[in-house]
J.: 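Here it is: the structure, laid out below.
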Amino acid sequence: MSQLLHALNPQQLAAVTLPPQHALILAGAGSGKTRVLTTRIAWLIQTGQATPQGVLAVTFTNKAAKEMLARLSAMLPINTRGMWIGTFHGLCNRLLRTHNRDANLPALFQILDSADQLAAIKRLLKTLNVDDERYPPRDLQHFINAQKEAGLRPHAVDAWDDFTRRRVELYQEYENQCQREGVVDFAELLLRSFELLSRNEILRVHYQQRFRHVLVDEFQDTNRLQYLWLKLLAGGSACLFAVGDDDQSIYAFRGADIGNMHDFEREFRVQNVIRLEQNYRSHGNILDAANAIIKHNAARLGKNLWTDAGAGEPIRVYEAFNDSEEARWIVEEIKGLVGEGMARHEIALLYRSNAQSRVLEHGLFNAGLPYRVYGGLRFFERQEIKHALAYMRLIANADDDTAFSRVVNFPTRGIGARSLEQLQDAAKQNGTSMYGAIPLLGGKAGSAIGVFSALILRLKASTEGLDLPEIVGQTIEQSGLRDHYRNEKEGADRVANLDELINAAANFVAEEGTIEEGQSELAAFLAHASLEAGEHQAGEGDDALQLMTVHAAKGLEFDVVFISGLEEGLFPHENAITEADGLEEERRLMYVAVTRARRRLYLSFAQTRMLHGQTRYSVPSRFVEEIPAALLKWLTPKMSGRGLIAEAARARYAGPSAPSLPAAVARRSETGAANGFRIGQNVNHPKFGLGVIVAAEGAGSDARVQVNFGREGIKWLALAVAKLTPA
DNA sequence: TGGGAGTGCTTTTTT
DNA sequence: AGCACTCCCA
């Protein structure tokens with residue numbers, strides 16, 4: 001036990017050994033959060049305060065869950081197999097599989113991933129003849145998910161206008177369709193198991209009594225429904241141990257609700273709020289910068305990271321002429337670092353949006369530097385894999401219309417849109433699935449589809465009793481997928497991926513503990529494929545530079561970090577500036593980015609950048625300015641003049657009505673000068689403050705200019721009326 | 001049925 | 001610019 005606790009700092013120790021009560025651990029970046037969480041579980045078990053079966057631990061990603069399990073088995077001589085440690089969705093899946101009848105689901109219910117869900121919605125709109133211009137499938141998808149994540153079924157949604165009423169109707173129709181087909185989407189996993197537990201007292205009491213300790217990781221990322229789920233499960237007499245960092249909440253845009261942290265404190269009457277503020281990752285200057293940035297946020301629970309590692313190096317800043325030059329500079333710096341012996345995989349290039357990776361990749365490629373971009377297409381999301389899985393889903397459940405529609409004519413077997421329409425109509429009229437409606441069809445359509453139906457039957461019969469990898473192999477052969485891709489020009493990779501799917505199935509079976517008692521291997525594997533899309537990590541072991549968005553970098557750390565594209569409008573993103581709390585989320589994002597670095601941090605921005613095929617003129621990000629000058633070391637050559645920072649500083653003292661920064665992003669049009677003003681010129685407006693002219697049109701008394709006033713927005717102003725003065 | 005041309009969108013993203 | 005998606009014709 002003493003080994004378990006040795007080398008914990010006082011706050012970590014306090015958190016780990018807290019008496020059984022609700023607790024909120026505010027764990028700053030790099031403060032040993034995962035360590036505290038896993039050691040807490042080990043401590044509870046080792047001291048006899050909990051049994052392995054009595055612990056429930058929830059994370060957001062499969063990676064985090066795996067890490068927790070791995071650390072736990074290293075700490076304790078117990079079998080972690082039966083423990084309830086997993087993602088929200090993984091645990092809900094487990095719950096619903098175990099109690100599928102009480103949850104009113106078929107034993108082999110399938111899970112729709114986002115793409116499947118979208119396809120299902122499109123299909124629904126088509127069947128109902130809904131105008132998809134008025135009700136875009138993607139909007140509807142977000143609407144439905146948002147309702148579910150708020151815990152609302154259609155009848156509970158407030159709808160005050162016709163548009164919303166219609167959307168709620170469609171939500172209801174979508175639910176009917178899913179129920180008919182025996183499929184659930186991601187949000188449904190949560191909502192369904194929440195409802196199962198709230199309605200079924202026997203089950204609820206059973207689980208409430210079983211799980212004496214409920215632990216949550218990344219609590220700041222929970223949405224409303226997840227909070228309600230936790231509250232229900234831990235609502236009896238269990239202890240809820242929540243670990244999170246409000247400063248690292250960067251997923252509000254997809255429903256994470258920071259209010260959960262406050263609600264948790266209040267509703268659970270949390271007596272113990274422990275702050276982990278000692279950082280074991282970064283040098284002092286980096287932490288000072290992070291602290292200085294995040295201090296600009298008003299909505300915080302409050303926390304200040306410190307380290308005893310020493311100040312370390314200054315933060316290097318570079319102002320580039322344009323994006324290519326920025327990339328070129330980054331490449332040069334990296335060459336230097338690598339030349340000094342720095343491992344490439346210890347260097348990360350972070351950016352706000354994926355589109356920015358291209359310029360960087362271009363530069364790295366030309367320099368012959370190996371790199372890896374995170375966040376591409378995942379294995380289980382590839383089309384050939386999804387096709388193969390769809391056939392397997394039909395083996396498990398032929399009424400799965402999503403799977404059916406996907407492959408009924410792939411590889412093509414002469415079944416056109418017309419035939420499918422007939423089939424859907426027949427299915428709708430008879431209240432069956434599409435598969436179930438096949439016998440109702442006559443004529444040509446009937447016979448072509450009959451061939452497909454026979455294929456499914458044959459597949460089902462011939463895979464009966466086979467083990468999982470064999471089922472996969474047979475599916476790939478008999479469906480004709482392998483032949484199809486073999487004959488395709490660029491199909492070699494796809495065939496290889498199909499073979500890889502067989503391997504994945506074999507690995508899945510070999511991995512102990514993944515399959516629940518009494519559940520078929522096939523169903524378990526299909527659920528696994530939906531829940532864990534799998535990283536496509538080609539060359540994982542290679543010593544390559546790491547390229548990723550700041551979001552993707554959360555939870556990771558590197559010796560050297562470059563944050564590029566630090567420009568107003570890009571980072572912070574222009575869309576975020578107009579949203580409520582958007583800017584604070586951007587700032588938290590910057591905080592996350594900065595705290596990824598252990599030893600050296602580079603910041604860079606460009607005066608000009610190509611974006612969406614147009615040149616944008618930008619001003620440095622306010623985040624750069626929020627870092628005390630003493631921590632910065634400017635690397636920009638003198639040649640680029642005083643630079644934009646100097647200009648920005650001047651603008652800030654221009655007068656009380658001026659915003660603290662000049663215009664955010666300017667876009668140049670082809671129109672030239674107008675009435676003495678020119679594109680790109682800085683101007684002052686009595687009401688909107690400082691701005692940049694981005695476009696002009698008309699002449700004489702009709703002349704108008706478009707001015708970007710940064711936070712005040714982009715406006716067209718008539719020169720004859722507006723009191724614009726050169727700045 | 002399938003391919004070529006035309007159209008529109010473009011922050012971040014796990015499950 | 002680049003990509004996904006739709007539409008229309010052979």
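Just so we're on the same page: letters track the sequence lines, and every chain starts at 1.
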J.: A:Glu586: what forms a salt bridge (Lys or Arg N to Asp or Glu O under 4.0 Å) with it, not counting sequence neighbours?
T.: A:Arg352
J.: Please list, chain by chain and in numerical order, all residues satisfying ring-ring contact (aromatic ring centres under 6.0 Å, His included) with A:His142, sequence neighbours excluded.
T.: none
J.: Any base atoms under 4.0 Å from A:Asn62, or only sugar-phosphate, or nothing? Heavy atoms, all strands.
T.: sugar-phosphate
J.: Run the salt bridge (Lys or Arg N to Asp or Glu O under 4.0 Å) test against A:Asp246 and tell me which residues pass, sequence neighbours left out.
T.: none
J.: Which two nucleotides bound the region of DNA chain C that has atoms under 4.0 Å from heavy atoms of chain A, read 5' to 3'?
T.: C:dA1 to C:dG2
J.: Give the B/S/- string for nucleotides 6-13 of chain B, one per nucleotide from 5' to 3', where a protein heavy atom under 4.0 Å of the base yields B, of only the sugar-phosphate yields S, and otherwise -.
T.: ----BBBB
J.: Of all residues at least two apart in sequence or in a different chain, which pass the ring-ring contact (aromatic ring centres under 6.0 Å, His included) check with A:Phe623?
T.: A:Phe571
J.: Taking atom types as modelled, find out whether A:Gln141 and A:Gln117 have a side-chain donor-acceptor pair closer than 3.5 angstrom.
T.: yes
J.: Please name all residues satisfying side-chain hydrogen bond (donor to acceptor under 3.5 Å, both in side chains) with A:Asp400, sequence neighbours left out, ordered by chain then number.
T.: A:Arg393
J.: Which residues pass the ring-ring contact (aromatic ring centres under 6.0 Å, His included) test with A:Phe452, not counting sequence neighbours?
T.: A:Phe404
J.: Expressed in whole Å, how much space separates the P atoms belonging to B:dT13 and C:dA4?
T.: 16 Å
J.: Identify, between A:Ser530 and A:Asn409, the residue whose nearest nucleotide on DNA chain B lies closer to the 5' end.
T.: A:Asn409
J.: Can you list everything that forms a ring-ring contact (aromatic ring centres under 6.0 Å, His included) with A:His551? Sequence neighbours excluded, please.
T.: A:Tyr251, A:Phe253
J.: Between C:dC5 and B:dT12, how far is it from one P atom to the other, in whole Å?
T.: 16 Å
J.: Sticking with atom C1', work out how far B:dT11 lies from C:dT6, rounded to a whole angstrom.
T.: 25 Å
